[in-house]
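Chain letters run A, B, ... following the sequence lines, proteins first, then strands; residues in each count from 1.
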Amino acid sequence: MLDQAVFYSLTILTLASALAVVLHRNTVHSSLFLGLSLAGVAGLYASLGADFLFGAQIMVYVSGIAVLVIFVVMLLGRASDLHLRQVNERWMAALLVCFVAAVGLFKVARLQSNIVATGAAHPGTHDIGRLFLGEWLLPFELTSLILLAALLGAVFFTRTENAQ
Amino acid sequence: MIEHAYLIPLIPLAASLIMLFGAKEDPHSPAPWIGIGAMAICLGLSLSILGAVMTGSVSVPYEHNWHWFSFAASIAGKPFLYDMPIGVLIDGPAALLLVVVTLVSLMVQIYSIAYMHEDTRYKRFFAFVSFFTAAMLGLVVSSNILVGFLSWELMGLSSYLLIGFWFEKDGPTEAQKKAFMTTKLGDSGLYLALLFIFAKVGSFQITQIQQFIHQGYMTPAVATVIAIGILFGAMGKSAQFPLFIWLPDAMEGPTPGSALIHAATMVAAGIFVVARLYFVFLAAPDAMLAAAWIGCATAFLAAAMALVSYDIKRVLAFSTVSQLGFMMCALGVGGYTAALFHLTTHAFFKALLFLGAGSVIHSVHTNDMRQMGGLSKKMPVTFLTMGAAILAIAGIPGTSGYFSKDMILANIYHANRPIFWIMLLTALMTAFYMSRLFILTFWGDDRDHEKYHHAHESPFLITGPLVLLAFLALVSGYMLNRNELVYRLLEKPTITATASTEAHGEEGGSAEHHEGHLPHGLHLALPLLVLGSIGLAFALYKGPKYAVADRLKTKFAPIFRVLDRRWYLDDAFDALVVLCDQVATLAYWIDTHIVDRVFVDGWGLLMRIVAEISNLLDALFVDRTVDGFGGLSLDLGVGLRGLVKDGQVQEYLMYVAIAFSLAATLILTR
Amino acid sequence: MNAPLTLAHYMTVAGLLFLIGIFGALTRRNIIGILMSIELMFNAANINLAAFDRFLHPDGVTGQALALFVMTVAAAEIVVGLALLLAIYRGTDTVYAEDFNLLKG
């Protein structure tokens with residue numbers, strides 16, 4: 001019973017925040033709601049027993065990416081934008097697309113409606129550590145290359161003419 | 001020894017290559033001794049083979065073949081793998097000819113040591129001579145007629161090289177070209193004959209061809225075609241009418257080379273090939289008759305030309321042509337033995353004559369007999385040896401020429417009377433012009449005092465071969481004729497096929513021994529006639545001024561002019577060439593003015609008109625259709641693009657999303 | 001509300017989150033909004049991965065590990081995307097996607 005209560009409240013939090021992200025006119029508010037929605041997702045991870053994922057979500061998304069987005073929004077933010085429409089004229093078409101896709105997704109999801117969790121969730125951090133430094137060492141190291149490339153790319157793109 | 005017969009052509013070949021590429025050019029080079037040594041080894045081998053064949057210790061024909069190469073062929077539509085062998089085939093004539101060729105070549109080379117010693121291309125001459133001899137020996141020993149043809153062509157090349165040996169001068173280069181092209185004309189006939197043989201028989205092996213004919217598979221018509229082809233080749237190589245025009249000009253080469261060409265190698269090859277493939281001729285009576293008449297015409301025409309020439313080497317050249325005519329004629333009437341017998345004896349005395357003439361030329365530095373005279377006192381050895389040769393060629397009883405020519409005349413007598421009378425006359429003419437040469441050169445008093453004064457006997461290296469050859473010229477006929485040895489050695493091939501029995505039934509192989517003898521009266525009369533002919537020559541040309549002969553010359557000036565111009569044959573060939581040129585010019589004119597204008601250009605014009613029409617149709621209908629499709633798709637594209645605005649990122653994203661949603665709905669929920 | 005939680009529940013949440021992300025990516029004029037919507041989509045996928053792990057392979061952590069990889073790539077993406085956005089803003093003085101029509105045919 002507690003599980004259900006936690007799940008539904010987290011779901012409502014996540015989806016409502018996500019809708020706010022998408023629909024809110026003020027970009028600053030949008031980005032704040034993004035942080036909230038990501039935190040809700042972190043809660044869902046916790047409800048699934050993925051403890052390390054929960055931690056990573058909080059640290060990477062909520063305190064990393066969401067904050068970064070807020071920075072950029074503030075960097076680019078202009079007061080004149082506040083009264084502008086933040087949704088373009090294709091929203092009805094987009095809604096239709098989403099509805100069609102939703103039909104398919106729900107049908108797929110319903111196929112899994114008889115699968116329930118077996119046993120108690122147990123901490124997985126230790127196993128993830130062994131996996132990354134054992135069997136998946138090569139992909140793990142490759143991600144570091146991707147991050148390095150992203151770092152260099154970010155530096156390269158944001159470099160101003162004066163810095164040269 | 002006979003199993004090493006394949007070495008005989010290979011040794012001189014190797015020697016020539018060593019001399020050509022290995023030795024340095026030097027007037028005192030010792031390189032010629034390589035060739036002489038090689039030839040001496042070959043002579044030894046040949047003599048042992050001949051000895052074995054004569055004593056019967058080996059059975060002839062001896063044949064041994066090695067694998068050469070294979071190729072796919074088809075005869076009459078049936079494919080098979082032809083295994084081309086390469087090998088040696090030694091029969092009596094081949095054994096005898098091996099000795100003749102190697103001996104003459106050896107004599108020529110020893111002689112040339114002295115004769116060519118001042119020449120700048122001293123060793124090259126010996127290399128050519130060795131190469132020439134190797135090619136001839138290859139032809140003689142080969143069991144495969146294709147290899148024979150190869151050697152035959154190599155001989156053509158060698159003769160080209162030797163005739164044009166002094167290529168700085170115009171004469172030799174002209175002469176070598178003439179010789180090469182004329183013999184090639186004949187070679188084309190031989191080549192076609194070989195192709196025909198292979199197409200019919202499916203083999204180049206002489207023994208297999210013989211077997212084929214022996215079993216009567218070859219019809220007379222095919223045999224005639226092949227035989228004519230072979231005869232054509234022999235006409236070129238052995239200088240038969242009308243292709244003998246190259247041989248007198250071939251005198252431009254060094255005299256020892258001429259001796260080799262005239263005695264041992266080049267001209268003997270034609271006769272030898274005819275003899276080797278004689279069974280083809282036996283199956284083709286018409287070709288035999290043609291050979292007889294060609295030989296007859298050659299002998300007579302050449303002898304007539306020899307009557308009037310003053311160039312000592314020319315006379316000898318004409319006499320060679322004439323004697324080859326005798327041989328060809330003998331082959332034509334079935335005198336196989338006689339022809340090869342004469343080939344052998346002729347090789348000895350003709351080599352001797354040329355080498356002797358070379359000795360004289362070497363001494364007096366001129367070819368013109370009118371500037372010689374009385375050389376007997378200065379050059380006794382040359383005089384005596386030449387005398388022996390002239391006795392032999394004239395046919396004085398006891399000498400070699402007597403036996404062989406007697407046998408030829410007897411064969412002709414029994415086969416064809418008209419030819420016999422012409423050939424008898426030719427034989428007398430032979431005696432006359434040879435005596436004339438002898439008298440003008442050696443007899444009487446000197447005509448050109450300065451030249452006479454400088455004349456001297458040649459060194460031993462020149463006179464030695466002369467003496468040996470003189471000995472052979474005198475006694476070889478007797479030695480070979482003794483105990484009918486020549487008939488055993490040079491046994492005439494027979495064919496049992498029905499194709500030939502009709503034509504030759506009345507004069508089959510067993511009758512040949514009787515053909516070898518003239519009727520008794522003629523047999524006695526012939527030497528007397530020859531002596532009379534010699535006497536006539538003495539009477540006409542005895543004095544230093546030979547006034548009688550000159551008077552005769554003015555009296556019969558037209559005949560003399562015809563003979564001097566060599567029966568206008570050269571002019572005829574020239575005219576032929578000019579005619580061909582004119583025909584070609586005419587053909588060219590027709591080609592450019594009529595064919596090109598009307599057909600090619602006209603065709604092009606027609607095509608162009610057609611093309612224009614088709615272009616018009618194309619533009620009117622096809623292009624319109626194509627353009628229509630293009631325009632349609634363009635309109636469609638423009639119309640479709642009108643649906644999309646301004647290349648917006650989200651526009652594209654929308655399409656992706658539509659595709660995704662449709663895929664998710666339609667595929668996942670199916 | 002008392003029915004036990006199944007995989008379908010989590011998949012439904014993930015699907016809805018994903019659709020919200022798609023809707024945002026399609027309709028937000030601001031490029032930052034588009035980027036944020038994309039982040040939502042990433043998270044939807046991650047929820048699915050974690051749910052599969054929990055429901056289908058309770059003993060394994062492979063799904064969580066994959067989710068971590070996705071998280072890493074998403075972090076890299078957002079960093080590069082924001083850097084690009086800054087560069088573009090510096091050149092064009094706008095952050096609205098409809099103003100970027102260099103691809104206009």
Asp53(C), part contacting chain A, at a heavy-atom distance under 4.5 Å: neither
Under 3.5 Å, is there a donor on one side chain and an acceptor on the other for Asp3(A) and Ser47(A)? no
Would you mind checking which part of Leu82(C) comes under 4.5 Å of any heavy atom in chain A, side chain (CB onward), backbone (N, CA, C, O), both or neither? side chain
Which atoms of Leu151(A) are under 4.5 Å from chain C, going by heavy atoms: the side chain, the backbone, both sets, or neither? neither
Please look at Ile32(C) and chain A and tell me whether the side chain, the backbone, both or neither of the residue comes under 4.5 angstrom of a heavy atom of that chain. side chain
Applying a strict 4.5 Å limit to non-hydrogen atoms, the region of Tyr61(A) in contact with chain C is side chain
Which region of Leu56(C), side chain (C-beta onward) or backbone (N, CA, C, O), has a non-hydrogen atom less than 4.5 Å from a non-hydrogen atom of chain A, or is it both or neither? side chain
Heavy-atom proximity to chain A below 4.5 Å, by part of Leu17(C): both
Side chains of Thr12(C) and His9(C), donor plus acceptor under 3.5 Å: no
Considering only heavy atoms, which portion of Glu135(A) lies under 4.5 Å from any heavy atom of chain C: side chain, backbone, both, or neither? neither
Classify the side-chain pair Gln57(A)/Asn46(C) by whether it contains a donor and acceptor separated by less than 3.5 Å. no
Please state whether the side chain, the backbone, both or neither of Leu19(A) comes within less than 4.5 Å of a heavy atom of chain C. both
